[in-house]
A.B. asks: 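I am attaching a structure below and will ask some questions about it afterwards.
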Amino acid sequence: MNADQKAVSLLYFALLREQRGLSAESCSTTAATAGELYAELKEKHEFSLSRNDLRVSVNGDFVDFSQTIADGDEIVFLPPVAGG
Amino acid sequence: MNADQKAVSLLYFALLREQRGLSAESCSTTAATAGELYAELKEKHEFSLSRNDLRVSVNGDFVDFSQTIADGDEIVFLPPVAGG
Amino acid sequence: MFALSEEPLENIDLKGPLVRRDAGACVEFRGMVRDANQGKEVSSLEYQAYAGLAEKEGTKILKETTEKFEVLEARCLHRTGHLQIGDLAVWVGVVSVHRSDAFAACKYIIDELKQRLPIWKKEHYTNGDSGWIRSDSPSAPATGGDGEPSN
Amino acid sequence: MFALSEEPLENIDLKGPLVRRDAGACVEFRGMVRDANQGKEVSSLEYQAYAGLAEKEGTKILKETTEKFEVLEARCLHRTGHLQIGDLAVWVGVVSVHRSDAFAACKYIIDELKQRLPIWKKEHYTNGDSGWIRSDSPSAPATGGDGEPSN
């Protein structure tokens, strides 16, 4: 494993879950930030939602897309919400 | 019975009921308007509430104090309300 | 539907008639007798109503509400008689398609009826005093509104 | 207290914990699944939640509420899973001394949670279509809020 390479857990909800076809996966990435990771995933899985539509959480907290990601992080890209 | 003399029914609520010591009475008056009638009653029964504190209803509708009163009317002087 | 009730509102299925397949939002207001007002300990509350006029005025307020706001249904029941701490004095329920209408309508109803319904309330205090409350004064009565004893 | 519930909210004593002797006002909001949205006939609704984060964010909204408004207690439960027309999707209950605080707080809670909770809802239509709703768009979803299908 490359020094830049991290293993992260991803959870998917709503439209992203449908487009990915699964609700969780482990993934190996060299992306430095959450934003870079989404760009990677969007291309790989042909996600239709742009980064502007999403929020991101790392380890259960909302963070910015500039957040640095680390090995073992649980990362969730959140599609537009609609509670209530 | 004088031509000007009318028999009206009065209902009392809240503070007026307590000050009058009864909840309803018949009364004979020569007052032409609701306002004149209240002035009469206020003096006679020493009501503490001034006309500005009250609203008045005749036969189940809110009216102005200038409302002419007629024989047989049901008249209520309403102290400040507090529903809810 | 507006009604006065001598029967405790706790015994009545208030919300039942508000169930509708086209309703997305329901807002309810409950006014309860609370244990203190204006720094005095309240022991109980007594409501008197000029029933005929109160029901007419209450019905008028609900009609105004359905004209002013996009609501599917609006209902209100108001207690009369002698109430204890915690007892429900008034209930307002509104259903609408969208929530903002239900909030605005429910608030309108309770605000208007506190000012307009010919209903009077007397607070009894634990120190033995009592007083008629008026909703037009700047301070607050024992059921979540505004008012102070008038005597 | 904020909680997600897979159990129907109809089976839960929502208001029980809001009974207090010092409360004069109680305002409740209910969001129900309604039978139409954007001119389409809705047959059912499906809620997904990122549970850990939703409970954290819901708790945060309630905490903000008690800081911003004079409330004695604020509670909210949100359903997850597959809901039918008329089912209760979300319930908010607030008690306060005075009614204006309870109204403002209840409205704040539902407005914020519709924007912020990581919960997603998919509308299923009688014509066989379905779509994820987004609360940030100008039109209205099937439970009294604002939103339109995102696909």
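Naming: A, B, ... by sequence-line order, numbering from 1 per chain.
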A.B. asks: Taking the side chain as every heavy atom from C-beta outward, state whether Trp132(D) and Glu18(A) have any pair of such atoms under 4.5 Å apart.
C.D. replies: yes
A.B. asks: A quick test of your reading: do over 12 heavy atoms of other residues, nucleotides or ligands sit less than 6.0 Å from CD of Glu74(A)?
C.D. replies: yes
A.B. asks: Please name the residue in the list Leu78(A), Asn59(A), Val76(A) that meets the side chain to side chain contact (heavy atoms under 4.5 Å, CB included) test with Leu53(D).
C.D. replies: Leu78(A)
A.B. asks: Among Ala54(D), Cys76(D), Pro118(D), single out the residue with the greatest number of heavy-atom pairs under 4.5 Å to chain A.
C.D. replies: Pro118(D)
A.B. asks: Please classify the contact between Glu46(D) and chain A as side chain, backbone, both or neither, with a heavy-atom cut-off of under 4.5 Å.
C.D. replies: neither
A.B. asks: I want to check something: taking the side chain as every heavy atom from C-beta on, are Arg116(D) and Phe62(A) in contact at a cut-off of under 4.5 Å?
C.D. replies: no
A.B. asks: Has Glu10(D) got more than 12 heavy atoms of other residues, nucleotides or ligands less than 6.0 Å from its CD?
C.D. replies: yes
A.B. asks: Using side-chain heavy atoms (C-beta onward) and a distance below 4.5 Å, is Val81(A) in contact with Lys121(D)?
C.D. replies: no
A.B. asks: Are Lys56(D) and Asp61(A) side-chain neighbours, meaning at least one heavy-atom pair lies under 4.5 Å?
C.D. replies: yes
A.B. asks: For Gln48(D) and Ala14(A), indicate whether the former's side chain and the latter's backbone hold a donor-acceptor pair under 3.5 Å.
C.D. replies: yes
A.B. asks: A quick test of your reading: do over 12 heavy atoms of other residues, nucleotides or ligands sit less than 6.0 Å from CD of Glu6(D)?
C.D. replies: no
A.B. asks: Is the backbone N or O of Gly83(A) less than 3.5 Å from a side-chain atom of His78(D), with the two atoms forming a donor-acceptor pair by type?
C.D. replies: no
A.B. asks: Output yes when a side-chain donor or acceptor of Tyr50(D) lies under 3.5 Å from a complementary backbone atom of Tyr12(A), and no otherwise.
C.D. replies: no
A.B. asks: Leu15(A) and Lys122(D): side-chain contact (heavy atoms from CB on, under 4.5 Å), yes or no, with the steps?
C.D. replies: CA-CA 9 Å; Leu15(A) 195 55; Lys122(D) 186 177 198 170; over 6 Å; no
A.B. asks: Check for a donor-acceptor pair, side chain of Trp120(D) on one end and backbone N or O of Pro79(A) on the other, with a separation under 3.5 Å.
C.D. replies: yes
